[in-house]
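In what follows, chains are A, B, ... by sequence order, proteins preceding strands, each numbered from 1.
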Amino acid sequence: MNKTYEPKSFEDKIYADWEKKKYFSAKPNRNKKSFTIVIPPPNITGQLHIGHALDDTIQDAIIRYKRMRGYETLWLPGTDHAALATEVKIVEDMAKEGLTKEDLGREKFLERAYKWKEKYGGRIIEQFKKMGFSCDWDRLAFTMDERCSRAVREVFVNLYDKGLIYRGNRIINWCPCCKTAISDVEVEYESAHSHLWHIRYAIEGTNDHVVVATTRPETLLGDVAVAVNPKDKRYKNLVGKMLSLPLCDRMIPIIADEYVESDFGTGAVKITPAHDPNDLEVGKRHGLPVIRVMNDDGTMAENAGKYAGLDRFAAREQMLADLSAQGLLVKTEDHDNNVGHCQRCHAVIEPMISDQWFVKMKPLAGPAIKAANDKTVEFVPERFKKVYLHWMENIRDWCISRQLWWGHRIPAFYCDKCGKMTVSKEDVKMCPHCGGTVRQDEDVLDTWFSSALWPFSTLGYPDKTEDLEYFYPTSVLVTAYDIIFFWVARMIFSGLEHMREIPFRKVLIHGLVRDAQGRKMSKSLGNGVDPLEIIDTHGADPLRMSLVCGVAAGGDIRFSMEKLEGYRNFMNKLWNAARFVSLNLENADVLPLDKVKLTLADKWILTKLDDVIKASVKFMDKYEVGLCAAALYDFVWSDFCDWYIELSKTRLYSTEKNDRSGAVSVLVYALRALLKLLHPVIPFVTEEIYGELPDNDADSIMVSAYPESSPRYPAAKKQMECVKEIITRVRALRAEMKVPSNKRTALYIVPAPGSEKLFKAGAGYIEKLAGGNSVEFCRPDCKCAAVATPWAEVFIPMGELVNPSAELDRLKKELDGCVAELARAEGKLNNSGFTAKAPQKLIDEEKAKAEKYAELKKKIEAAIAEMKNLQA
RNA sequence: GGGCAAUUAACUCAGCUGGGAGAGUGUCUUCUUGACGUGGAGAAAGUCACAGGUUCGAGUCCUGUAUUGCCCACCA
């Protein structure tokens, strides 16, 4: 083995081997339980970024764990066509050649889009492989492939037939930059400093006027009324009167409506049904017309008179200037409000009336709410359930049509002859009503409409496939909290509606990856890190470990190069531990454990191993991958490397082959087990090292069996912990006494009554690890520094090593500590409340402690007295 | 305006059903001992945000306060 960990030398090779051996592939198998995850499909235009790296490392760890635990595991991969996001990119790309969508036409544009998909759709998959992800690539799906598209049609038509999809003229969020409608969740609200403009509307036939306050004066020409609250005394007599709309010669009525709140603004609201959802409602109630004054590109429409053609913001400025010039702008007030922006291009969203397709949500939300409430689907951590429920309970209809070309085209066909519409799973050539020619709806579906079906469309829906029966519902869905509404919620109601069953039993939510300062990683800040670059320089395993280790579910994680290097060092540590083991294989036999005479240290590490197996299983079963990784990190570094390897050396360098073989056998056993435990998180390095071990149980660690825990040697573990403490204390004493660490000394041990046997067994370890060159079991007849524990005292002859007054100070400090402990224990025992109500076990423990510390105190006092004598 | 979360060592974070505060990084001291200096050994470092309460006992449970962050919401 190399002296250092060099991931480049094996990662690609190992991945290729896994793929070649088809370890990732899953088939329905009645003899095994299934465990399924569908990947959140990355956008085809995307590059692997740190968010995928986190999300999919968690999934890979879970999948690998379950695979090793004997489940038939399917991790189903795929990509998302990402209608709007992709189309925007393609349009940008065309712009470089001076081309627009219209130049190409729909057909040519789609050709280009498919070419784009071919070019970039595969790229991210190759990048996923660099991370080590064990997806079943033979099942690679795409939201626009034939299978998924069929599911989309099926679902659309079914929902339409049930009346759950409808077409309607409603206020939607319009992005004038992307020139499409978007759904509510695609609008990001940001608070902005703006103004409330107070504008004077003259009352017909009088010199009087009404002042209205507005934040969007550019929509003024679309006003069809001014509304006041019916109870508002100021305006009571004006209701029914007509007002002259400024900047044009139209007359509009004053109406009364409960919607108006008298104490905001002036208590008089302009009603613009075409550009505001509330106004549309008010308008409907009062039978008012709808006047749209803006074009799709955000310029003012023809009916905006002299403002026609002006951009909406320019029009605002111009109109304000004109109003001001006419003395109609009476006040400009500072006002903060929330302005919606397009999630994709960040342009200001324009609420506008538009003819679009919608999914009726209330009937679908009911079962989705119930499923969460009765825990048919569970959120981890649970608090995200509230977020989900709040959204579901207040859900509004989902606008699903997009004025784009890239995506699933809406399967509605319009007849020019009879004017009827046909919605069909199959393409319609001829109008079924009159035989006339039909044309398909121009629009495509929201990309999330197809992702909502992902857990079952990828498994064969609408057919009743074996896959679907075996792998559905999937086991856990893993994603970040920012995607709960977009995707998780929609998959839940879709699964319930179309499969009559939840799409996954659990939803594991994690946070976002942030930079070292806690900022969101973003292009504009330039603080993002490229996972591919990190894999190239440090390896995939350190990256995976640094994204996952120590993170509790639901939390954001901070990424930094320091952290990464720390975990790279861990890989090196693990590597070298393995190297140590392999270097010692030569002159020894590796035996099954039942053929080995186990030492105290062996029993200790095997018991600690058992503990960590239990902890790993406990954490992984709760999907706490991060806490599992942290527990293993500690075990490997502290228990296995710092202690067990060092402890094993006494026997490893023995002249007796039996000793050497015993030591090596336990080393190999423990190493193999911990590699398996670590494999789900750091698959490459564990596989590489596993390949170096003799007598493996499988061709590859990834298909080997996860370690089983079994009862071990709790008594030996306790004893070893006593020995360890003695060693630590002696080391500390030596350090404090400034004994050079390469200077070895004689050690004298006086075990406490009852501990004699233990320290005979542990003497070798103490000598080796506490800087001894000999051990004797008696009290030396010379000046000594002493360490006192409840189990034994250790004396080190001072000779010229020790400074007596320093030793005295040290002893005094030790006495202080001991006295404090004693006081604490006695304090508890003297508290009648404690002795009356605490569990007997605790009381006994405290009693034992008090006795031990009382005994210890005597010993330290004796040592102090002696030291004083010596000084005097 | 609602809701959620966080507040623990200099920094980043763990801490499960209440029973003597932990890790990593950084800092300091020291050691090239035959796995590893990407290392070993040792040390310093915390009123567990604040104020109450429940309890024999609170980082952990309850109430309130403060600060920070996030999400949701049609007050024009």
Side-chain angles (χ1 to χ4, degrees), chain A residues 1 3-5 171 189 196 212-216 219 227 259-261 263-272 276-279 281 335 337-338 351 381 383-384 386-387 390-391 394 481-482 484-485 511-512 516 518 542 549-552 554-558 560 562-563 565-584 615 618-619 622 624 626-627 630-631 633-634 637-638 641-642 645-646 649 653 728 731-736 738-744 768-771 821 824-825 828 831-839 841-842 845-846 849:
Chain A
M1 291 177 77
K3 199 172 172 182
T4 51
Y5 161 72
I171 299 280
Y189 288 91
L196 201 52
V212 303
T214 181
T215 53
R216 288 164 78 208
T219 64
Y259 154 70
V260 182
E261 294 188 26
D263 53 0
F264 186 87
T266 61
V269 188
K270 66 197 228 22
I271 297 300
T272 322
D276 184 283
N278 297 308
D279 292 7
E281 290 305 310
H335 182 252
N337 62 347
N338 282 332
R383 70 184 129 98
F384 290 104
K386 272 190 198 164
V387 178
H390 181 256
W391 188 75
N394 296 286
Y481 54 69
D482 60 347
I484 294 174
F485 306 142
L512 274 19
C549 193
V551 179
D556 283 347
I557 79 136
R558 290 198 191 205
S560 68
E562 289 71 32
K563 207 167 170 181
E565 278 163 20
Y567 290 116
R568 190 269 323 270
N569 294 352
F570 173 74
M571 302 307 150
N572 192 247
K573 187 75 181 174
L574 179 64
W575 182 267
N576 274 287
R579 181 164 169 264
F580 171 79
V581 174
S582 87
L583 289 174
N584 284 290
K618 185 189 81 185
F619 285 134
K622 289 197 294 184
E624 288 281 12
L627 301 183
Y633 179 101
D634 281 345
W637 206 306
S638 311
C641 293
D642 289 345
I645 284 185
E646 295 308 319
K649 285 177 180 173
Y653 301 138
T728 305
R731 283 169 171 174
L733 175 140
R734 287 167 52 99
E736 211 158 336
K738 306 267 186 250
V739 180
S741 39
N742 52 356
K743 171 83 186 173
R744 293 195 159 261
K768 169 90 180 154
L769 299 186
E821 293 299 329
R824 187 189 319 225
K828 276 198 173 183
N831 179 341
S832 56
F834 179 77
T835 47
K837 295 192 179 174
K841 195 181 153 218
L842 266 172
E845 276 173 24
E846 287 304 323
K849 277 179 205 167

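Within the shown strands, nothing qualifies as a pairing partner of B/A35 under the Watson-Crick or G-U definition with both distances less than 3.5 Å. Summarising the base pairing, B/A44 is matched to no nucleotide, lacking a Watson-Crick or G-U wobble pair whose two defining distances lie under 3.5 Å. The partner of B/A51 is B/U63, judged by Watson-Crick or G-U wobble contacts that both fall below 3.5 Å. Across every strand in view, B/C13 sits in a pair with B/G22 that passes the Watson-Crick or G-U test at under 3.5 angstrom. Across all strands shown, B/C4 forms a Watson-Crick or G-U wobble pair with B/G69, both key distances being under 3.5 Å.
Heavy atoms of A/Y189 sit nowhere under 4.0 angstrom from any nucleic acid atom. Heavy atoms of A/N278 sit under 4.0 angstrom from at least one base atom. Counting any heavy atom pair closer than 4.0 Å across all strands shown, A/L627 reaches sugar-phosphate atoms only and no base atom. A/K828 comes within 4.0 angstrom of nothing in the nucleic acid, heavy atoms only.
Spacing of C1' atoms, B/G24 relative to B/U33, comes out at 27 Å, to the nearest Å. Going from the C1' atom of B/C72 to that of B/U65 covers 24 Å, rounded to whole Å. When the C1' atom is compared between B/A9 and B/G18, the two are found 24 Å apart, to the nearest whole Å.
Under 4.0 angstrom from either OP1 or OP2 of B/C4 there lies at least one side-chain N or O belonging to A/K386. Look at A/W637 and you'll find a side-chain N or O under 4.0 angstrom from OP1 or OP2 of B/G40. Look at A/N338 and you won't find any side-chain N or O under 4.0 angstrom from OP1 or OP2 of B/C74.
When distances run from any side-chain atom of A/Y653 to the nucleotides B/U38, B/A35, B/A76, the shortest one goes to B/A35.
Rounded to whole Å, the distance from NZ on A/K738 to P on B/A41 is 18 Å. Atom CG of A/N742 is separated from atom C1' of B/G40 by 13 Å (rounded to the nearest Å).
At a cut-off of 3.5 angstrom, the base of B/A35 holds at least one donor-acceptor pair with the side chain of A/E646. The base of B/G24 is not paired with the side chain of A/E562 by any donor and acceptor separated by under 3.5 Å. The base of B/C16 does not come close enough to the side chain of A/K622 for any donor and acceptor atom to sit less than 3.5 Å apart. For a distance-only test at 3.5 Å, the side chain of A/K573 qualifies as a donor-acceptor partner of the base of B/C36. A donor-acceptor contact under 3.5 Å is not formed by the side chain of A/R558 with the base of B/U12.
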